[in-house]
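Report on the structure given below.
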Amino acid sequence: MVQRMAQLAKLDDIVALCKRRGFIFQSSEIYGGLASCYDYGPLGVELKRNVREAWWKAVVKMRDDVVGLDCSILMHPLVWKASGHADKFADLVTVCKKCNTRSRVDHLADHHGHAEEHTEHVDIDKAAATPHDLSRKVCPACGAVGQFGAPMAFRLMFETQMGANVEDTMTLFLRPETAQGIFVNFRNVLDTTRVKIPFGIAQIGKSFRNEVTTKAFIFRTREFEQAELEFFCAPGTDDEWYEHWKAERFRWYTDLGIRKENLRFREHDPDELAHYAKACVDVEYRFPFGQGDWQELEGIANRTDYDLRQHQRGMRTVNDWMAAGRDLTAIGLKEEAEDYLSGPLSYFDEQTRQRFIPYVIEPSAGVDRSTLAFLVDAYDEEEVRGEVRNVLRFHPALAPVKVAIFPLVKKDGMPETARALYDDLKRRYASFYDEKGAIGRRYRRQDEAGTPYCVTVDGQTKEDGTVTMRDRDSMEQIRVPLDQVRTWLSEKLDV
RNA sequence: GCGGGUGUAGCUCAGUGGUAGAGCGUCACGUUGCCAACGUGAAUGUCGUGGGUUCAAGUCCCAUCACCCGCUCCA
């Protein structure tokens with residue numbers, strides 16, 4: 001219990017620090033805020049960019065078998081029919097008046113065990129308007145019969161309208177995941193980049209989900225950023241690649257400074273798996289909120305050949321959709337073709353002379369969640385001479401500012417020398433110059449922003465050409481020749 | 001959506017129906033010169049928002065927004 005309180009206090013401290021130092025603000029704050037939405041301030045935007053770049057470097061740049069992509073957020077409505085989101089992302093939910101438990105209407109059974117059939121083509125407005133007889137349904141939580149409130153409709157995808165002319169506007173969805181943009185471009189990439197299976201396509205971008213509840217600061221928000229890789233491989237090699245990406249992705253977090261004891265895998269039980277997934281594991285971080293919960297940072301799934309097969313069905317449904325007046329709820333996906341294995345999204349392997357639908361291993365990471373985890377894990381308070389020192393022990397690659405440059409005092413030519421050094425360093429590293437106030441205060445301010453190194457030009461600089469190099473974590477200082485500062489930093493920072 | 005809690009300066013928080021406060025931080029000047037130093041001064045408030053009660057509301061009442069905790073939900 002004591003530990004739990006400490007953890008709760010810790011998240012509060014981090015939220016306060018985020019606000020105080022300009023990492024993360026509530027969205028639309030001066031208007032009273034907008035639920036579940038957050039803005040990244042000057043330091044936060046640098047941190048988040050660094051997280052993205054670290055991911056892109058590890059997943060795309062450092063590999064010969066992965067290429068990048070950046071898709072539009074708005075896509076053809078049938079994409080979401082094929083992916084299953086258009087149906088599964090719209091539910092009717094009711095609340096048991098007795099125990100206040102929420103259940104999906106289509107999951108409720110009466111005491112004979114008959115669940116209402118899950119209709120595949122849900123028009124949420126029609127479904128909400130249709131009377132539902134729940135008088136004999138049993139609450140799965142408390143067993144009460146017929147104690148349900150009126151069903152509430154949930155739209156789990158955001159909708160928007162495309163077209164300025166009211167008469168030919170089309171309802172579109174904001175993507176609930178970036179993955180589908182990759183599947184939809186599989187053929188394009190294959191035809192234009194000379195990639196050969198096994199290979200992956202990576203993308204970082206915003207996604208949107210109308211979560212029923214949001215949670216814990218930026219952990220679960222309705223607008224969020226994903227970093228996703230779809231790695232295409234031959235059936236039969238998928239288990240191997242699944243293990244490969246599990247190891248790669250776990251190591252990415254620990255290489256960037258997440259402590260191993262705060263990170264773990266959680267393998268999904270077979271009955272927990274989505275119907276198309278052969279295996280799925282979450283990379284979880286022990287966040288200091290809730291009960292000190294392990295919470296998902298990233299899911300790594302073996303999605304088999306499901307997605308590409310679904311999109312082959314989707315492609316064949318376009319005419320039906322047009323004929324139905326572009327009404328997504330009025331149609332069903334075309335059945336899978338008999339020769340689907342040689343369909344438009346199949347792959348021909350020249351070595352084995354075989355054609356197949358590739359299997360997909362999908363590491364899907366939450367950028368905002370990772371950013372929060374890096375913040376939480378880096379956060380430290382320590383007592384120095386009776387004072388609390390707040391320090392963010394970021395990995396150099398993630399630190400928003402890499403180096404701060406100070407003149408010890410604002411006279412005797414020190415500002416000029418320091419300024420010249422700053423002008424040189426900023427071309428290579430995110431740098432910060434400060435000549436105001438006591439030196440100790442300037443150091444501490446940088447500790448709180450997570451800046452790994454501070455360089456101070458002092459009286460000795462004029463005499464022997466050296467400056468003080470101060471280390472964030474140990475607070476130790478060494479002297480480095482002015483003209484070797486850049487080299488010295490590159491050894492420490494370019495890791 | 002339900003239950004509990006919170007909302008006052010940039011941050012942390014005091015504030016008995018009767019003049020809007022403190023500490024920290026920020027800024028300026030001076031001093032000092034390597035770890036949140038000192039002195040002097042300054043700026044900073046839709047008291048979350050909107051109604052109501054009252055001679056008078058930060059304080060009481062109603063509604064609403066946001067955040068936190070617990071349920072619930074969770075491609």
Side-chain angles (χ1 to χ4, degrees), chain A residues 4-5 8-9 11-13 15-22 25-38 80 83-85 88-89 91 93-97 99-104 107 140-141 149-150 152 154 156-157 175-180 207-217 220 224 226 228 272-277 280 289-291 295-296 299 301 303 362 364 366 384-391 406-412 414 436-448 454 456-460 467-472 475-477 479:
Chain A
R4 179 174 165 180
M5 292 307 289
L8 289 175
L11 183 67
D12 285 345
D13 290 345
V15 173
L17 176 82
C18 285
K19 173 78 188 289
R20 185 169 71 242
R21 293 308 308 267
F25 306 121
Q26 173 80 59
S27 167
S28 314
E29 198 179 77
I30 63 169
Y31 284 96
L34 179 64
S36 163
C37 297
Y38 292 88
W80 308 113
S83 72
H85 292 89
K88 305 242 169 45
F89 261 44
D91 300 314
V93 174
T94 183
V95 174
C96 172
K97 291 172 188 162
C99 68
N100 202 26
T101 300
R102 192 185 283 224
S103 304
R104 274 174 60 166
H107 286 176
M152 299 173 288
F154 281 88
L156 297 179
M157 281 198 291
R175 65 182 177 200
E177 61 176 27
T178 60
Q180 297 305 325
S207 294
F208 303 83
R209 294 181 196 172
N210 255 325
E211 300 286 351
V212 176
T213 20
T214 55
K215 189 177 177 182
F217 200 40
R220 178 173 293 145
F224 58 102
Q226 294 184 298
E228 294 195 295
E272 189 186 354
L273 290 174
H275 62 281
Y276 51 78
C280 186
F289 46 69
Q291 292 135 6
Q295 295 282 353
E296 176 187 355
R303 298 179 66 114
E362 177 196 78
S364 171
V384 179
R385 293 172 207 178
E387 300 265 358
V388 174
R389 183 172 84 114
N390 287 338
V391 51
F406 311 137
L408 182 59
V409 291
K410 203 162 56 169
K411 60 184 180 189
D412 300 338
M414 294 181 208
K436 295 194 169 74
I439 189 72
R441 178 178 302 245
R442 282 180 270 166
Y443 285 150
R444 296 300 175 83
R445 264 199 291 250
Q446 292 306 312
D447 291 340
E448 209 174 47
C454 295
T456 302
V457 172
D458 54 23
Q460 199 181 325
V467 293
T468 300
M469 186 68 71
R470 185 260 193 186
D471 181 86
R472 175 195 66 200
M475 297 195 292
E476 282 171 5
Q477 303 184 154
R479 296 205 71 88

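Remember, predicted model here, so these are calculated numbers, not experimental data. Below, all heavy atoms of this structure are taken into account, side chains as well, without hydrogens, waters or symmetry copies. The sequence lines fix the lettering, A, B, ..., with proteins before strands; numbering per chain opens at 1.
Formation of a donor-acceptor pair under 3.5 Å by the A:Arg175 side chain with backbone atoms of A:Trp80 is not found in this model.
Here the side chains of A:His85 and A:Met157 are in contact, with some heavy-atom distance below 4.5 Å.
Here B:rA36 is the nucleotide among B:rA75, B:rA36, B:rA28 with the atom lying nearest to any side-chain atom of A:Arg444. Side chain of A:Gln477, nearest nucleotide from B:rC67, B:rA75, B:rC35: B:rC35. Nearest to the side-chain atoms of A:Arg20 among the listed nucleotides B:rA75, B:rC11, B:rC35 stands B:rC11. Here B:rC34 is the nucleotide among B:rC68, B:rG33, B:rC34 with the atom lying nearest to any side-chain atom of A:Thr456. Listed nucleotides: B:rG33, B:rC35, B:rA75. Nearest to the side chain of A:Leu408: B:rG33. Out of B:rC34, B:rC11, B:rC68, the shortest distance to the side chain of A:Lys19 is found at B:rC11. Taking only side-chain atoms of A:Tyr38, from C-beta outward, the nucleotide of B:rC67, B:rA36, B:rA75 with the closest atom is B:rC67. Taking only side-chain atoms of A:Ala438, from C-beta outward, the nucleotide of B:rA66, B:rA75, B:rA37 with the closest atom is B:rA37.
In this structure, A:Val388 reaches the bases: a heavy-atom distance under 4.0 Å links it to at least one base atom across the strands shown. Across all strands shown, A:Arg389 has no heavy atoms under 4.0 Å from either base or sugar-phosphate atoms. At a threshold of 4.0 angstrom between heavy atoms, the contacts of A:Gln26 are confined to the sugar-phosphate backbone, with no base atom among them. Among the protein residues, A:Arg472 comes within range of no part of the nucleic acid, since none of its heavy atoms lies under 4.0 Å from any strand.
For B:rA66, its base never sits under 3.5 Å from the side chain of A:Tyr31 at any donor and acceptor pair. Within 3.5 Å, no donor on the side chain of A:Arg442 pairs with an acceptor on the base of B:rC35, nor the reverse. If you check distances only, the side chain of A:Arg220 does reach the base of B:rC74 with a donor-acceptor pair under 3.5 Å. Taking only distance into account, the side chain of A:Gln180 never meets the base of B:rA75 through a donor-acceptor pair shorter than 3.5 Å. Judged by atom type and distance alone, A:Tyr443 reaches the base of B:rC34 through a side-chain donor-acceptor pair under 3.5 Å.
With both ends at atom C1', the span from B:rC67 to B:rA22 equals 25 Å, rounded to whole Å. For the P atom pair drawn from B:rU12 and B:rU72, the interatomic distance equals 31 Å after rounding to whole Å. For the P atom pair drawn from B:rU26 and B:rC61, the interatomic distance equals 39 Å after rounding to whole Å. B:rA20 and B:rC13 are spaced 24 Å apart, taking the P atom of each and rounding to whole Å. Across the C1' atoms, B:rG45 and B:rA9 are found 6 Å apart, a figure rounded to whole Å. Comparing B:rA66 with B:rA75, their P atoms are spaced 25 Å from each other, to the whole Å. Comparing the C1' positions of B:rG30 and B:rC68 gives an interatomic distance of 45 Å, to the nearest angstrom. Comparing the C1' positions of B:rG1 and B:rU59 gives an interatomic distance of 31 Å, to the nearest angstrom.
Between A:Arg21 and the phosphate of B:rG10, there is no side-chain N or O to OP1/OP2 separation shorter than 4.0 Å. For B:rG25, the OP1/OP2 oxygens have no side-chain nitrogen or oxygen of A:Arg445 closer than 4.0 Å. The side chain of A:Arg441 places an N or O atom within less than 4.0 Å of a non-bridging phosphate oxygen (OP1 or OP2) of B:rA37.
Rounding to the nearest 0.5 Å places CD of A:Gln226 at 6.5 Å from CD of A:Glu177.
Judged by Watson-Crick or G-U wobble contacts below 3.5 Å, the nucleotide B:rG70 has B:rC2 as its partner.
Using a 4.0 Å cut-off between a side-chain N of Lys or Arg and a carboxylate O of Asp or Glu, A:Arg442 and A:Asp447 do not qualify as a salt bridge. Taking a cutoff of 4.0 Å between a charged side-chain nitrogen and a carboxylate oxygen, A:Arg20 and A:Glu448 qualify as a salt bridge.
As a whole-Å value, the separation of A:Gln460 CD from B:rG33 C1' is 14 Å.
The aromatic rings of A:Tyr443 and A:Phe406 lie tilted to each other, with the angle between the two planes from 30° to 60°.
Between A:Leu34 and A:Lys411, it is A:Lys411 whose nearest contact on RNA chain B lies nearer the 5' terminus.
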